[in-house]
Amino acid sequence: GDPDKILKSYIIIFASKHEIKWKQYNANLVVFMAISKDNIDITKKVIQTIAKLSEKDIKNLIVLDNTEIKEKFISFMKE
C-alpha cells in the first residue's frame with residue numbers, strides 16, 4: 001500500500017499451531033504490516049528479522065501467548 005495513506009503503523013503477527021495453506025506453502029506464522037511514512041525506516045529491520053527466523057524459531061513462537069510473541073519478536077529485532 002501507499003505509506004502516505006497509513007496514519008499509524010501496525011504490525012500484526014498471526015501464529016497458529018495448525019498449518020495454514022499459503023499458496024504452495026504451509027505457514028504457521030503470518031505477519032501483516034502497515035507502515036506509515038514516518039516509520040518507513042524500520043520496515044527494513046522488520047523484514048530482515050522475519051527473513052532470519054528459522055523453522056525452530058517459528059515453532060517456538062507459535063506456542064507463546066500474544067504478549068510473549070511480541071516480546072520475543074522485539075528481542076529478535078535487537079539482535
Side-chain angles (χ1 to χ4, degrees):
D2 183 353
D4 290 326
K5 295 184 175 154
I6 298 171
L7 302 177
K8 185 175 179 183
S9 295
Y10 285 94
I11 298 173
I12 299 169
I13 300 172
F14 175 77
S16 175
K17 294 176 186 164
H18 305 286
E19 291 183 335
I20 302 162
K21 188 75 169 162
W22 197 272
K23 295 193 179 190
Q24 72 267 30
Y25 304 101
N26 292 320
N28 293 96
L29 193 71
V30 181
V31 180
F32 299 93
M33 298 189 321
I35 307 296
S36 73
K37 192 174 180 179
D38 294 339
N39 298 119
I40 210 79
D41 55 318
I42 68 161
T43 304
K44 183 177 178 181
K45 183 67 176 167
V46 171
I47 292 170
Q48 287 174 339
T49 300
I50 294 166
K52 289 180 188 175
L53 292 175
S54 68
E55 196 167 323
K56 182 180 176 185
D57 292 331
I58 292 169
K59 296 293 181 196
N60 289 334
L61 282 171
I62 63 172
V63 297
L64 303 175
D65 68 30
N66 291 340
T67 302
E68 292 170 322
I69 290 173
K70 177 183 172 183
E71 290 168 0
K72 189 69 172 171
F73 195 79
I74 290 170
S75 75
F76 283 140
M77 287 184 61
K78 291 180 180 179
E79 291 178 359

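Worth knowing before you read on, the calculation uses all heavy atoms, side chains too, and leaves out hydrogens, waters and symmetry mates.
Note on Ile47: it clusters hydrophobically with Ile58, by side-chain heavy-atom contacts below 4.5 Å among ILVMFWY residues. If you chain together hydrophobic residues whose side chains sit under 4.5 Å apart, Ile69 and Tyr10 never meet in one group. The hydrophobic cluster containing Leu53 does not contain Phe14, counting ILVMFWY residues as joined when their side-chain heavy atoms lie under 4.5 angstrom apart, directly or transitively. At a threshold of 4.5 Å between side-chain heavy atoms, the hydrophobic network of Ile, Leu, Val, Met, Phe, Trp and Tyr places Val30 and Phe76 in two separate groups. Ile20 and Val31 sit in two unconnected hydrophobic clusters of ILVMFWY residues. Membership requires side-chain heavy atoms under 4.5 Å apart, directly or through other members.
How far OG1 of Thr49 is from NZ of Lys78: 12.0 Å, rounded to the nearest 0.5 Å. Rounding to the nearest 0.5 Å gives a distance of 6.5 Å between CG of Asp57 and CG of Asn60.
Using modelled atom types, no side-chain atom of Asn39 and backbone atom of Ile42 make a donor-acceptor pair closer than 3.5 Å. Checking side-chain atoms of Ser9 against main-chain N and O of Ser36 turns up a donor-acceptor pair under 3.5 Å.
Counting heavy-atom neighbours within 6.0 Å of Ile74 CD1, excluding the residue itself, gives a total above 12.
Met33 pairs with exactly one of Ile13, Ile12, Ile11 by the side chain to side chain contact (heavy atoms under 4.5 Å, CB included) rule, that one being Ile11.
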Stepwise side-chain contact (heavy atoms from CB on, under 4.5 Å) check, Asn26 with Lys21: CA-CA 5 Å; Asn26 292 320; Lys21 188 75 169 162; 3.6 Å; yes
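Between Phe73 and Ile50, the closest side-chain pair of non-hydrogen atoms falls below 4.5 Å. Residues Ile40 and Thr43 form a side-chain contact, since some pair of their non-hydrogen atoms from C-beta on lies under 4.5 Å apart.
The list of salt bridge (Lys or Arg N to Asp or Glu O under 4.0 Å) pairs with a residue in residues 30-55, not counting sequence neighbours, reads Asp4-Lys37.
Summarising the geometry of Lys17 relative to Asn28, their closest heavy-atom pair is O-ND2, 3.7 Å, with the distance given to 0.1 Å. Closest approach of Ile62 to Ser16, counting heavy atoms only: CD1-O, 3.7 Å.
For Lys70, there are no salt bridge (charged side-chain N to carboxylate O under 4.0 Å, His left out) partners two or more places apart in sequence or in a different chain.
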